[in-house]
Amino acid sequence: MGRDPLFISMKKKGWVILPLIFIAFLLGSFIHVLTLEIRNRENGEILFDERVAPGDMVTYGYIHSVEKIPVEGIFVIEEDGFLKLMETRFSSYGAGLPSGQGEEIRKDGWIVVKGGERRASFTFLFSPINQPYIIFKENRLSVGSKLREGALLEIRVRRQSYALAFWRGLF
């Protein structure tokens, strides 16, 4: 009784496909992508993780605890993974807000102060009263519906391997 040629062909293909998958995974370990990550610094839990590209804009906003007005910081993701503050905007002056020094313009009901600072990351204390949110790719993400008051959150752009990002479902 002879062997089925289809079975032999499938077996040979398996010996070719498995090494190709291994090689692709190995190469993917050396190629990196950028991801925007929000994580709880106290326990390491990642609350948000999405692939980003240089030039993408990220807005971090909250309700000011004293003035009760919205405040937003608009950042651009740079080639090296830094977050560059493009502008801070708010609707009126008050405690803890820029006092009108520096370059300032008014548009669409906002007072806009130009930025320029670059940061590898920034942190903030979570408080439900501040209703913090992130706007990324036209999606608004409320931050921390399950967090406790005072949790320390970090926003950063992380460089990770293509293989890891693929494994985590970021593609």
Side-chain angles (χ1 to χ4, degrees), residues 31-162 164-171:
I31 300 169
H32 290 90
V33 296
L34 299 176
T35 62
L36 178 67
E37 178 183 278
I38 303 172
R39 91 181 158 93
N40 185 334
R41 287 189 51 184
E42 295 170 344
N43 63 15
E45 178 186 7
I46 296 173
L47 306 171
F48 179 81
D49 195 17
E50 190 167 325
R51 187 172 175 198
V52 296
D56 283 349
M57 303 295 276
V58 179
T59 300
Y60 166 68
Y62 62 94
I63 302 300
H64 192 278
S65 60
V66 175
E67 300 300 321
K68 306 293 185 217
I69 60 169
V71 178
E72 292 185 341
I74 300 172
F75 298 84
V76 66
I77 296 169
E78 296 191 316
E79 190 79 34
D80 59 3
F82 273 73
L83 294 162
K84 181 178 181 181
L85 179 63
M86 300 303 291
E87 63 185 44
T88 302
R89 60 189 191 173
F90 43 92
S91 58
S92 66
Y93 294 111
L97 295 169
S99 61
Q101 299 171 351
E103 189 177 338
E104 168 192 312
I105 57 173
R106 292 181 182 266
K107 65 179 179 185
D108 301 328
W110 294 93
I111 298 168
V112 178
V113 178
K114 295 294 178 191
E117 307 91 57
R118 298 177 72 237
R119 297 174 176 223
S121 67
F122 66 92
T123 57
F124 63 95
L125 286 173
F126 171 76
S127 176
I129 199 167
N130 296 114
Q131 304 168 29
Y133 59 89
I134 299 289
I135 300 173
F136 179 66
K137 294 185 180 177
E138 299 183 19
N139 295 317
R140 183 178 168 129
L141 169 74
S142 294
V143 178
S145 58
K146 298 180 241 173
L147 295 171
R148 69 167 184 78
E149 174 88 28
L152 185 61
L153 301 180
E154 178 181 38
I155 297 176
R156 68 181 178 159
V157 176
R158 193 171 131 195
R159 185 176 303 276
Q160 57 184 295
S161 75
Y162 186 89
L164 179 61
F166 182 80
W167 183 264
R168 294 177 68 199
L170 299 175
F171 291 94

Starting from the C-alpha separation in whole Å, work towards a yes-or-no answer on side chain to side chain contact (heavy atoms under 4.5 Å, CB included) for Arg158 and Arg39. CA-CA 11 Å; Arg158 193 171 131 195; Arg39 91 181 158 93; over 6 Å; no

After noting the C-alpha distance and the side-chain angles of Leu141 and Ile38, does the key distance pass the side chain to side chain contact (heavy atoms under 4.5 Å, CB included) rule? CA-CA 11 Å; Leu141 169 74; Ile38 303 172; 4.2 Å; yes

Whether the side chain of Asp108 engages the backbone of Trp110 through a donor-acceptor N/O pair (distance < 3.5 Å, no angle test) should be reported. no

Those residues that, when tested against Ser127, pass side-chain hydrogen bond (donor to acceptor under 3.5 Å, both in side chains) (two or more places apart): Glu149

Residue pairs passing the salt bridge (charged side-chain N to carboxylate O under 4.0 Å, His left out) test where at least one lies in residues 122-140, sequence neighbours excluded: none

Scanning both residues in full, the closest heavy-atom pair of Leu83 with Arg156 reads CD1-CA, 4.3 Å

If you round to the nearest 0.5 Å, how far is CZ of Phe75 from CZ of Arg118? 13.0 Å

Intermediate values then yes/no, ring-ring contact (aromatic ring centres under 6.0 Å, His included), Phe124 and Tyr62: CA-CA 11 Å; Phe124 63 95; Tyr62 62 94; 8.3 Å; no

Do Leu152 and Leu125 have side chains that get closer than 4.5 Å, going by heavy atoms? yes

Are the side chains of Ile134 and Glu50 in contact, using a 4.5 Å heavy-atom criterion? no

Over 12 foreign heavy atoms within 6.0 Å of CD1, Ile69: yes

Going by salt bridge (charged side-chain N to carboxylate O under 4.0 Å, His left out), name the pairs with one or both residues in residues 57-77, residues two or more places apart or in two chains. Glu72-Arg89

Apply side chain to side chain contact (heavy atoms under 4.5 Å, CB included) to Leu34 and Asp56, showing your working. CA-CA 11 Å; Leu34 299 176; Asp56 283 349; over 6 Å; no

Please find the pair of heavy atoms, one from Arg159 and one from Glu79, that lie closest to each other, and give the distance. NH2-O, 3.7 Å

Taking all atoms of both residues into account, what is the closest heavy-atom pair of Ala151 and Asn40, and its distance? CB-ND2, 4.2 Å

Can you name the closest pair of heavy atoms from Glu87 and Leu85 and give their distance? O-CD1, 3.4 Å

Might you work through the side chain to side chain contact (heavy atoms under 4.5 Å, CB included) test for Leu147 and Leu153, ending with a clear yes or no? CA-CA 10 Å; Leu147 295 171; Leu153 301 180; 3.5 Å; yes

Rounded distance [0.5 Å steps], CZ in Arg41 versus CD in Glu154: 5.0 Å

Shortest non-hydrogen contact from Ile155 to Tyr60? CD1-CD1, 4.1 Å

To the nearest 0.5 Å, tell me how far Ile77 CD1 sits from Phe82 CZ. 13.0 Å

What distance separates Met57 CE from Ile74 CD1, expressed to the nearest 0.5 Å? 6.0 Å

Closest heavy-atom pair and its distance - Arg119, Phe122: NH1-CB, 3.6 Å

